[in-house]
> 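Supplied in structure tokens, the structure appears directly below.
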Amino acid sequence: MGMVENTIIKKSAEKGVLDINKIRKDFPVLNREVHGKKLVYLDNAATTQKPRAVIEALVDYYSNTNANVHRGLHTLAEEATSAFEETRSLTAGFIGAEEPAEIIYTRNATEAINLVAYSWGRKNIRKGDRIVLTEMEHHANLVPWIVLAKETGAELAYIPIDDNGCLDLDDLGNIITPNTKLVAFMQMSNVLGTINPAGEIIEKAHKRGAITLVDGAQSAPHMPVDVKSLDADFYAFSAHKMLGPTGVGFLYGKREILDRMEPFNTGGEMINEVRYDYADWNDLPHKFEAGTPNIADVIAFKPALEYLNNVGMDAVREHERELTEYALGKMLDLGFVKIFGPTDSAHRGGAISFIVDDIHSHDMATMLDTRGIAVRAGHHCAQPLMKRLGVSSTTRASFYIYNTREEIDEFIASLVEIRRYFSNV
Ligand code: 7TS
């Protein structure tokens, strides 16, 4: 990573892939206490914490640059524009896009998926067409298609999950029918942790002539991703789940598809020529970026990507795999924890959904919080999946590069105490 010295990856003789103590020093929030206890942040699937470099980039931008992009000819505007576009190039490289213009800035992964549903979907999906999703989708990759299907008269079909929380692909050839226009699915589940075989699904979809959209909100932050070798047509993800600021998301799309699409929002910045009765569109990526974008947060995402590149996504994945294996082993050993999703760390990421006896997930999360442990409880924006699993909610612990085995030990000890507390009441 150019000038950034790579001291984060440990030498192979040492235990663990990453020098976690060094990493933890880069995240100011990890020093704080919650209810008098040291924070144990296990809600990374919701959003991750930010390294100092990201926080400083925000302050630096507003302190020293702050100008609108792509329109000014003064020094500040030129600096802002070039930093804004540098993030785009780095993002393109991070996911293996052919060129930066294939990366569209959005507010989040949700907006990226909606962009496809509106701009591509409303032009290409007709009555009788099929949209294939999976039973494990987040509402972000579900509701836009439910709305589109309702508007157009298209039908929705779902790739089922098996009892292990993995996609059952046995019947994929029949689910992706010749009238299927779109196959949209998550690469990694925010609830089950499952890593789906994206390449295989994309290949099957393409054989039927369907377009594919990969919801990478949980995968891009946690494993190496290469959209070109996947051959994904669209790929959506969010900066805030990968060390970056909130308010920035990305839609990757193949140029030949994006070029044929109509804009999503219209107004300034996205036009080529406007007359009182006419408008045509700017080139990619600006065609899809109407109005003043989230300049500061885009610029502050660059150090987040540099941080991940410096650690290396293979090392990120391996650290989380080890941590997940450790946590799953300990949780299963307790004998009273029901885990949803695969228990083999090779096929899953670090989001672990669970329930303990009949303790409500909200009670569990509240009790963990009193011990300084942050987890999420609820339906995790996957209500149909909850129904499929036969529960109304789960508690979820999810890991990232700064989490340690000691934190998992504290989490496990807390589960034991909380269960004892509730069974005594
Ligand atoms: N897709 C998946 C798989 C997600 O996990 C999320 C957010 C989104 C899309 C939407 O991302 P956004 O940045 O547009 O909001 N998932 C979660 C979660 O699991 N807990 O909080 C947010």
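FYI, the numbering just counts along the sequence from 1. One-based numbering, in listed order, for ligands and for the atoms of each.
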> So, Phe94 versus Phe301, ring centres under 6.0 angstrom or not?
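No, they do not, as the ring centres are separated by 6.0 Å or more.
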
> Can you list every pair where an N/O of ligand 1 is under 3.5 Å from an N/O on the protein?
| residue | atom | partner | partner atom | Å |
| --- | --- | --- | --- | --- |
| ligand 1 | 1 (N) | Asp215 | OD1 | 3.2 |
| ligand 1 | 1 (N) | Asp215 | OD2 | 2.5 |
| ligand 1 | 5 (O) | Gln218 | NE2 | 2.7 |
| ligand 1 | 13 (O) | Ser238 | OG | 2.6 |
| ligand 1 | 13 (O) | His240 | NE2 | 2.7 |
| ligand 1 | 14 (O) | Ala109 | N | 3.3 |
| ligand 1 | 14 (O) | Thr110 | N | 2.9 |
| ligand 1 | 14 (O) | Thr110 | OG1 | 2.5 |
| ligand 1 | 16 (N) | His138 | NE2 | 3.3 |
| ligand 1 | 16 (N) | Lys241 | NZ | 3.0 |
| ligand 1 | 19 (O) | Asn190 | ND2 | 2.9 |
| ligand 1 | 19 (O) | Arg396 | NH1 | 2.6 |
| ligand 1 | 19 (O) | Arg396 | NH2 | 3.4 |
| ligand 1 | 20 (N) | Arg376 | NH1 | 2.5 |
| ligand 1 | 20 (N) | Arg396 | NH2 | 3.2 |
| ligand 1 | 21 (O) | Arg376 | NH1 | 2.7 |

> Take atom CG of Asn31 as the centre, draw a 6.0 Å sphere, and report whether it contains more than 12 heavy atoms from other residues, nucleotides or ligands.
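Count over threshold, so yes.
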
> Could you tell me whether Arg420 and Glu417 have a side-chain N and a carboxylate O separated by less than 4.0 Å?
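Looking at Glu417 together with Arg420, the answer is no, because their closest N to O distance does not fall below 4.0 Å.
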
> Going by an N to O cut-off under 4.0 Å, is there a salt bridge joining Glu410 and Lys38?
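Salt bridge flag = no for Lys38 with Glu410.
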
> Hey, would you say the His319 and Tyr400 ring centroids sit under 6.0 Å apart?
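Aromatic pair excluded; centres sit 6.0 Å or further apart.
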
> Which residue, Phe84, Phe264, Phe288, Phe237, forms the ring-ring contact (aromatic ring centres under 6.0 Å, His included) with Tyr105?
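Going through Phe84, Phe264, Phe288, Phe237 one by one, the ring-ring contact (aromatic ring centres under 6.0 Å, His included) with Tyr105 is satisfied by Phe84 alone.
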
